[in-house]
Protein chains: 2
Amino acid sequence: MSKNEIKEAGLKVTLPRLQILEFLTANKGKHYTAEDLFTEMKLADQDLGLATIYRVLNQFETAGLVMKHQFEENQAVFEIDTGEHHDHMVDIDSGKVVEFYDENLEKLQEKIADEHGYDLIDHKMVLYVKKKK
Amino acid sequence: MSKNEIKEAGLKVTLPRLQILEFLTANKGKHYTAEDLFTEMKLADQDLGLATIYRVLNQFETAGLVMKHQFEENQAVFEIDTGEHHDHMVDIDSGKVVEFYDENLEKLQEKIADEHGYDLIDHKMVLYVKKKK
DNA sequence: CTAGGTGCAAATCCTTTGCAAGATG
DNA sequence: CATCTTGCAAAGGATTTGCACCTAG
């Protein structure tokens, strides 16, 4: 239950936090800007301040409940963190985001870092693609 | 010579454009924010407006003379585009940026896109690393 | 000359912050 | 009740834009 995750993050269980976490959980695999959430939640009669949304998302990110990505260079998007690592490809025509995971890719990245004398801590990767005809 | 590259980009050969392009060319492999350039060029007695720097960098990016990256989520950095594709790893302790190219990685990315029914158009990838002890 | 470029300051966009009022544990 | 949260509006930082003046072709 969301309640516990919030508590375990050391945060008080408030309505905004519950609503945001449940919304993202219910929409696993989808990516929302803060503004998207603001709008979507208003539609669901959950009227939160935009500032609150930003604050809560950042707290959730710190707590590892949520992941933040920068697919377009202006607005960040958020998605629930299920713990299963994955990368993204973005269809540049439709804007659609596809999640994927590739074992070899992960291994290769570690190998590359290693060859340069580094340990891989994290990575960011987005493939920009077009539908094949 | 920079003059021709600018001309071929369909832009007038002006002092600001020449200075920026030559500075970046002279510092191949280094990455600068617009503000960095503003400061560095002022030191070299090349006093350009910040707005001009932004404008010129964007024009150069469009023309393929320069590449823009987003290593940190707030400020974009620019480097000269030598035509040789490469990716980056960032040492999260020192902030140092290392460029690398890995054939297998490139192939693997295409393969992954392909398996999902897409053609790979572009990609963005940054490895965040720490020096090995 | 004329189209395009520059610099400045103001505007814009996304995100963060200060603060008074309102919940939570 | 003490502390943490919220919402609003104002502030902030990076980047863009309007406009009068300037410069390349």
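All values below come from the heavy atoms of this structure, side chains included, with hydrogens, waters and symmetry mates left out. Treat the numbers as computed from the prediction; the structure is a model and nothing was measured. Residue numbers begin at 1 in each chain, while the letters A, B, ... track the order of the sequences.
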What contact category does [X] fall into here, base, sugar-phosphate, or nothing, at under 4.0 angstrom with non-hydrogen atoms?
X: B:R55; value: base
X: B:L48; value: sugar-phosphate
X: B:T14; value: sugar-phosphate
X: A:A76; value: sugar-phosphate

Check the distance between [N]'s [atom2] and [X]'s [atom1] and give it to me in whole angstrom.
X: A:L37; N: C:dT15; atom1: CG; atom2: P; answer: 12 Å
X: A:L11; N: D:dC4; atom1: CG; atom2: P; answer: 11 Å
X: B:L50; N: C:dA9; atom1: CG; atom2: P; answer: 12 Å
X: A:L18; N: D:dT5; atom1: CG; atom2: P; answer: 13 Å
X: A:E72; N: C:dC14; atom1: CD; atom2: P; answer: 11 Å

Note to self: Under a 3.5 Å cutoff, is there a donor and acceptor pairing between the side chains of A:H31 and A:D36?
What the structure shows: no
Margin query: Is the phosphate of C:dT15 approached by A:Y54 (side-chain N or O, under 4.0 Å from OP1 or OP2)?
Written below: yes
Next item on the list: Considering just the side-chain nitrogens and oxygens of A:N74, establish if one lies under 4.0 Å of OP1 or OP2 belonging to D:dT15.
Entry: no
Notebook entry, point to check: If every non-hydrogen atom of A:F78 is compared with every non-hydrogen atom of A:L24, which pair is closest and at what distance?
Noted result: O-CD2, 4.4 Å
Item checked: A:A51 or B:T33, whichever maps to the more 5' nucleotide of DNA chain D -> A:A51
Check: Is there a donor and acceptor pair closer than 3.5 Å between the side chain of B:K12 and the base of D:dT23?
Finding: no
Notebook entry, point to check: Has B:E73 got more than 12 heavy atoms of other residues, nucleotides or ligands less than 6.0 Å from its CD?
Noted result: no
Item checked: Closest-nucleotide ordering on DNA chain C, the 5'-leading residue of B:R17 and A:Q70 -> B:R17
Next item on the list: Please list, chain by chain and in numerical order, all residues satisfying side-chain contact (heavy atoms from CB on, under 4.5 Å) with B:Y101, sequence neighbours excluded.
Entry: B:H85, B:E103, B:E106
